[in-house]
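Have a look at the structure below, then the notes.
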Amino acid sequence: MMIKPIRTTLLFLFPSLLMSFTTLANVNATLGKALAKPIINYSAEQLFTNQPSVMPKLATSGQYTVGVITDRIVNKTAFDHTDFDGTYERPLTIELWYPAEESTNGNRATYKAVTRLHKPFELQGNAYRDIAPLTQGSFPFIVLSHGYTGDRTIMFYLAEHLASHGYVVASIDHTDSTTKEIDIVNAATAGFVSTLLHRSRDQQFVLDHYRHQRSEISKISDFKRAGVIGYSMGGYGAINTVGGCYDIKPDSLTALGFNEQQAKALAPTFSFCNAGEEKPDTSWQAMVAFAPWGQELNLHSSAALNKLKVPSLYVAGDQDDISGFEYGVRKLFQQTSSQDNYLLVYNNARHNIAPHPAPKIAYQDDIDLGHYFEPSWSSEQLTRFNRHFVLAFLDCHLKKVKCEYLPTTKSSTQKKLDRETYSEAWPGIPHRWATGIEFYRAQSGK
């Protein structure tokens, strides 16, 4: 059955992409190779400045040296989205960050990507490329998932940060959904059907793949303490992966551009649970959803959300005009179980709250800049708060530490009590350096 292209009004609806390939070659050989003296690539762009006085406490790097490798894997029994029947071999490219042996050897990693208009850029990271992982330890395993469009390095700042604090992070290039694969001007929705069907399935497959692998990185990964972090369509998938089933009606599909016959026939195919598995994988112990898409169209089952037992952190801008706030992300939060369920809100922010800041080349065209830019916020400041709150949430629920850094009051803005004194700042936030953020705990009222 052929599906018409979803209407072009979706052209700008999904910021976040890269490529896809084949299978793992030989991770151990790569990790064990001799490395030269540390090198920083000065042609790569540095997006972040050193501003220690305004850094939230948990936004600073952790104790571990961070290594990174690029891996290529294949799901040999992926659901076939072209005929909605049978399986096919689905390649995925993965960026893996991990706690590494302390060493002055190795090259600082850079990350190559393209803008929506396929203009290339290269960013400087803090991790070391291809160095050996630690030989001892047990670190929670995190799957990181971009939006439509996007790529595996669009949140590299968060992945490096988590690895420095003792996590293994696997970030996915979702095939058919990366910026490099999609012609955003002429065929913006070409990968959308694949995205709807594969986003959560890819997340589950990555966990399964590394859990059954014998690489040095898998040996130090704790797969019983797994978390998934998704942005936009990545969040749409993450909610399903941990048990928030899709409940997609024909009317929702027609609103996305399917004709009535297609919508009626395909709605059951799109309505699945637990990344296509019979039951949720109990390894998932935490879920973070940045600006998750879908609930303005009621794509997630409210009954399934209400039964979720996996601790959840929703992060949103209250002016999000892509995923929607009042009837999108806030509604997801309100429908989700009150058990360890949180909502972090950036006031006056729109949808681009998760990506790294815009590279210089993106400023040449509004289409490219619209993938990263926030009109009322410094993107660098957003990344600092993301580091702080995501680490506090994951540490609290995967390591049972640092729970005190999750705020207990609604507003980050300190009130001036008299000429010299203010109300107390949120834990770990510098005095007077946080305004316009709100934090909600479901159990304290929605």
According to ring-ring contact (aromatic ring centres under 6.0 Å, His included), who are the partners of [X], at least two apart in sequence or on a separate chain?
X    : value
F79  : none
F373 : none
Y246 : Y236, F272, H300
H212 : none

Parallel, tilted or perpendicular, judged at 30° and 60°: which one describes the rings of F389 and F439?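 F389 and F439: parallel rings.
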Within the 6.0 Å centroid threshold, strictly below: [X] and [Y]:
X    : Y    : value
Y111 : H356 : no
H161 : Y157 : no
Y440 : Y342 : no
F139 : Y167 : no

Pairing residues for [X] by the side chain to side chain contact (heavy atoms under 4.5 Å, CB included) criterion, not counting sequence neighbours:
X    : value
E277 : Q204, N274
Q46  : F48, Q124
E296 : Y327

Residues, nucleotides or ligands: over 12 heavy atoms within 6.0 Å of K119 NZ: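 Count over threshold, so yes.
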Does atom CD of Q136 have more than 12 heavy-atom neighbours, drawn from other residues, nucleotides or ligands, at distances under 6.0 Å?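 Not buried by this count: 12 neighbours or fewer within 6.0 Å.
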Which residues pass the side-chain hydrogen bond (donor to acceptor under 3.5 Å, both in side chains) test with S53, not counting sequence neighbours?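 Listed in chain order: nothing, the list is empty.
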Please identify each residue that fulfils side-chain hydrogen bond (donor to acceptor under 3.5 Å, both in side chains) with D368, with sequence neighbours left out.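 Expected list: T115.
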Give the minimum heavy-atom separation between G436 and S412, together with the two atoms involved.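 Nearest heavy atoms, G436 then S412: N-OG, 3.7 Å.
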What's the shortest heavy-atom distance between G191 and T195, and which atoms?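 Closest heavy-atom pair between G191 and T195: O-OG1, 2.7 Å.
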Cut-off 3.5 Å, no hydrogens considered: what does the side-chain donor-acceptor table look like for residues 62-70, sequence neighbours left out?
residue	atom	partner	partner atom	Å
T70	OG1	E95	OE1	2.8
T70	OG1	E95	OE2	3.2
T70	OG1	R129	NH1	3.1

My understanding is that only residues two or more places apart in sequence, or in another chain, count here; which of them pass salt bridge (Lys or Arg N to Asp or Glu O under 4.0 Å) with D320?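 Partners of D320 by the salt bridge (Lys or Arg N to Asp or Glu O under 4.0 Å) criterion come out as none, since no residue qualifies.
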K219: salt bridge (Lys or Arg N to Asp or Glu O under 4.0 Å) partners, not counting sequence neighbours: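 Counting only residues at least two positions away or on another chain, K219 forms a salt bridge (Lys or Arg N to Asp or Glu O under 4.0 Å) with E216.
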Apply the ring-ring contact (aromatic ring centres under 6.0 Å, His included) test between Y231 and each candidate in H351, H146, H174; give the one that qualifies.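 Among H351, H146, H174, the one meeting ring-ring contact (aromatic ring centres under 6.0 Å, His included) with Y231 is H351.
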Can you find a pair of side-chain heavy atoms, one from P357 and one from T383, that are under 4.5 Å apart?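 P357 vs T383: side chains touch.
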Should L332 and Y314 count as side-chain neighbours, where that means a heavy-atom distance under 4.5 Å?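 Yes, at least one pair of side-chain atoms sits under 4.5 Å.
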